[in-house]
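These notes are about the structure you will find just below.
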Amino acid sequence: MGEGGESQPSAAEKEANRLLNRERAAVEHGFANLKSWRFLTKIRMNVWHTTTLLRALLVLANTEIHR
């Protein structure tokens with residue numbers, strides 16, 4: 001048992017956490033890139049269109065990062 005009476009994670013749990021953390025890091029990196037794009041602060045449009053635009057921008061940013 002680990003500290004505080006908690007058991008150590010199994011190999012499957014460690015792998016699941018690793019995969020989850022990799023995906024989380026990619027999303028956080030994408031949002032960090034979007035924050036640097038100043039034009040996003042000036043967007044005045046329908047929420048649905050803004051969401052679609054942001055999704056497209058995240059895809060493009062991640063595609064560019066993984067080149």
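Computed from a prediction, not measured in an experiment: that's the story for all the values here.
For L19, the side chain to side chain contact (heavy atoms under 4.5 Å, CB included) criterion is met by E15, R22, not counting sequence neighbours. Not counting sequence neighbours, the partners of E13 by the side chain to side chain contact (heavy atoms under 4.5 Å, CB included) test are P9, S10.
Side-chain contact annotation: N21 with R24, donor-acceptor N/O pair under 3.5 Å present.
Placement of V27 and L54 within a single hydrophobic cluster is found when ILVMFWY residues are connected by side-chain heavy-atom separations under 4.5 Å, directly or transitively.
Under a cut-off of 6.0 angstrom, the local environment of CZ in R55 is sparse, with at most 12 non-hydrogen atoms contributed by other residues, nucleotides or ligands.
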